[in-house]
Asks: 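Please find one structure pasted underneath; my questions will follow.
First listed ligand is number 1; within each ligand, the first listed atom is number 1.
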Amino acid sequence: MDYADFHRRSLTERDAFWSEQAQLVDWHTPPTQICDYSNPPFAKWFVGGTTNLCHNAVDRHLATRPDQAALIFVSTETGIERTYSFRELHAEVQRMAATLLGLGVKQGDRVLIYMPMIPEAAFAMLACARIGAIHSVVFGGFASVSLASRIDDAEPTVIVSADAGSRGGKVVAYKPLLDEAIKLAVHKPAKVLMVDRGLSPFDRVEGRDEDYATWRDGQADTVVPCAWLDSTHPSYTLYTSGTTGKPKGVQRDTGGYAVALAASMKYIYLGNAGETYFSTSDIGWVVGHSYIVYGPLIAGMATIMYEGLPIRPDAAIWWSLVEKYKVTSMFSAPTAVRVLKKQDPAALKKHDLSSLRALFLAGEPLDEPTAQWISDALGRPIIDNYWQTETGWPILSLCNGVEKAVSKFGSPGKAVYGYDVKLIDEGTGEELKGANQKGVVVIEGPLPPGCMQTVWRDDERFVKTYWTRVRGKVVDGVQQPDRHLYSTFDWGVRDADGYYFILGRTDDVINVAGHRLGTREIEESLSSHASVAEVAVVGVADQLKGQVAMAFVVLKDASRAATPEGALALEGELMKVVDNQLGAVARPSRVRFISALPKTRSGKMLRRVIQAICEGRDPGDLSTVEDPTAVQQIRELFAAR
Ligand code: AMP
């Protein structure tokens, strides 16, 4: 099929197009309206329909493939490797669901999941979906302050957690961080359900902490039916960073998400029932939600859940799994490829990768040399795809399941069906229709199914943060309706063939090794240190991680960093603050001390000036900088490197 037609039809015959895609999932009651966009920019998909994500991911496969692998758990950290068939997964999810119900969780309640990459994390997500509870997974790499702010926003009835994770053979205790977070949070969960892996002994809080093994044992053959939920019932919230310090709870629906994922498995990820999918992400991120847990299972595929590093025991580990489990589609991030690039390339040639249809990469810009390197090393197609936590599935990609297309390295491809992607001029707001013009990547509403419904409990923030209203023009005497544009906060260009190139964020969000972080959150954390008067954090280009955070601090008492030893000690102290509050993922790569930060006369911090100097670029017009010595100091710090 011609992809341009397919894409056009998804926009011009929107309801007919998505009504066909809706056939890819089971409905208890079919929808009566495909898209309700009567209250823009809020879109309601598959209105009147009732369905269940867990039913579509698990139960519906029992009739045709009960003994086929569903969840393949591989931990190179603990040496555990175990496959759950759809039948076994069904039983485990029901035990978890019965436990959550037993702990008092009701439909619409939130369950916060703070867990390492273990099967129980997936059971907990699916169990929530089964009973209509809203899960909120918090990445295990976040520490107590990050976790506490998410607890307060989600107000969970129950938190599901584990004693510890493990990274590179080192046990990372979760329970003390969780206890501290609950102490910091205003909202207190009624219960904490603990999975004890036996990795790290922990204290139990009497009356609050429950042992999952005990609950599970009491539920041997338990039956918990799927709750039939309105298509628009929220399935989960997932927090993501923006320009303010307070993370946003991206809220996703049920029916639209199921349809969007089912369609993406077919048209983008080339996955068929009975095959194996391997995504190396983490359940704490959106890729883990969409393409470790729900997407592959909805498609009737086995999904590999991997706990461990890409290079341990050696750089061949992932490829050995591809061979062993005959993986057909694999999904990873450019950072992981850059890590592999430093290893012996022979590791990638050791295994038979003939089952692999493609390696999909997303989460951060995929530079051309990295794409070329992995393409040469694997000899398999490499497909970059661009999307966000907010959208839940790709905005830009190649839809090889519709029509075969050539990859252009450096580009994540074309606008995906359902997305009316445009580039607009930042200054005038006018659409840039010509080729090779740089603009802000926006999507004209309604967003397709599966994208965020709103910001959890904050419709106003959703509208204010993401949407611009464009007054409708009068055409031939007829007033056209207003249009609503969703901003991705990314710069982009489009070439004459319709391929987009993403050029970085327009806001203060940075992307470290595929992890999205808000510089404001890091600044707030550093500011909590008694010695800090002022701080600016910027993202600086890095060969391995894409970007790293770099902090510039003005001290209350400059004498503390007057000697190199003093500065080094204080730098370590400040890094520790971030480690303890936000987690090591957010730790700046350097903390430098200066006497003033570059600001305009009105006090606006010129982060882009700092960033440009750190990256050795021309910072542009400096006439607006109030105190030129600030710029001079940063220049000197970088010249001295
Ligand atoms: P997240 O919400 O964590 O998935 O981060 C989304 C952001 O990551 C996007 O807004 C982009 O800035 C960046 N991003 C994700 N995928 C890509 C890609 N394939 N190419 C370039 N940037 C990407």
Asks: Quick one: which ligand 1 atoms are inside 4.0 Å of a heavy atom on N385?
Replies: 16 (N), 18 (C), 19 (N)

Asks: Under a 4.0 Å threshold between the charged nitrogen and the carboxylate oxygen, would R338 count as salt-bridged to D367?
Replies: yes

Asks: Any idea which atoms of ligand 1 are less than 4.0 Å away from a heavy-atom of D384?
Replies: 18 (C), 19 (N)

Asks: Measure from the side-chain N and O atoms of D253 to the backbone N and O of G450, and report whether any donor-acceptor pair falls under 3.5 Å.
Replies: no

Asks: Counting only heavy atoms not in K44 (residues, nucleotides, ligands), do more than 12 fall under 6.0 Å from its NZ?
Replies: no

Asks: Does Q388, backbone or side chain, put an N or O under 3.5 Å from an N or O of ligand 1?
Replies: yes

Asks: I'd like to check which ligand 1 atoms, numbered from 1 as shown, lie under 4.0 Å from a non-hydrogen atom of W387.
Replies: 6 (C), 9 (C), 15 (C), 16 (N)

Asks: How does E364 reach ligand 1, if at all, at less than 4.0 Å between non-hydrogen atoms: by side chain, backbone, both, or neither?
Replies: backbone

Asks: Under a 4.5 Å cut-off applied to non-hydrogen side-chain atoms, are Y417 and S264 in contact?
Replies: yes

Asks: Have a look at G363, P334, P394 and point out the one with the heavy atom closest to atom 14 (N) of ligand 1.
Replies: G363

Asks: Short list, please: which atoms of ligand 1 are under 4.0 Å from a heavy atom of D490?
Replies: 9 (C), 10 (O), 11 (C), 12 (O)

Asks: Which ligand 1 atoms does N511 reach within 4.0 Å, using its non-hydrogen atoms?
Replies: 8 (O), 13 (C)

Asks: Using a strict cut-off of 4.0 Å, indicate which atoms of ligand 1 neighbour a heavy atom of T389.
Replies: 1 (P), 2 (O), 3 (O), 4 (O)

Asks: How does V509 reach ligand 1, by side chain, by backbone, by both or by neither, if only non-hydrogen atoms under 4.0 Å count?
Replies: neither

Asks: Between S10 (side chain only) and G418 (backbone N and O only), is there a donor and an acceptor less than 3.5 Å apart?
Replies: yes

Asks: For S149 and D152, which I'm curious about, is there any donor-acceptor pair between the side chains at under 3.5 Å?
Replies: no

Asks: Keeping the roles fixed (side chain from S397, backbone from C399), state whether a donor-acceptor pair exists under 3.5 Å.
Replies: no

Asks: Check whether T391 reaches the backbone of C451 with its side chain - one donor and one acceptor, N or O, closer than 3.5 Å.
Replies: no

Asks: Check ligand 1 against I502 and write out every atom of the ligand that is under 4.0 Å from a heavy-atom position of the residue.
Replies: 21 (C), 22 (N)

Asks: Tell me the protein heavy atom at minimum distance from atom 5 (O) of ligand 1, and give that distance in Å.
Replies: R516 CD, 3.5 Å

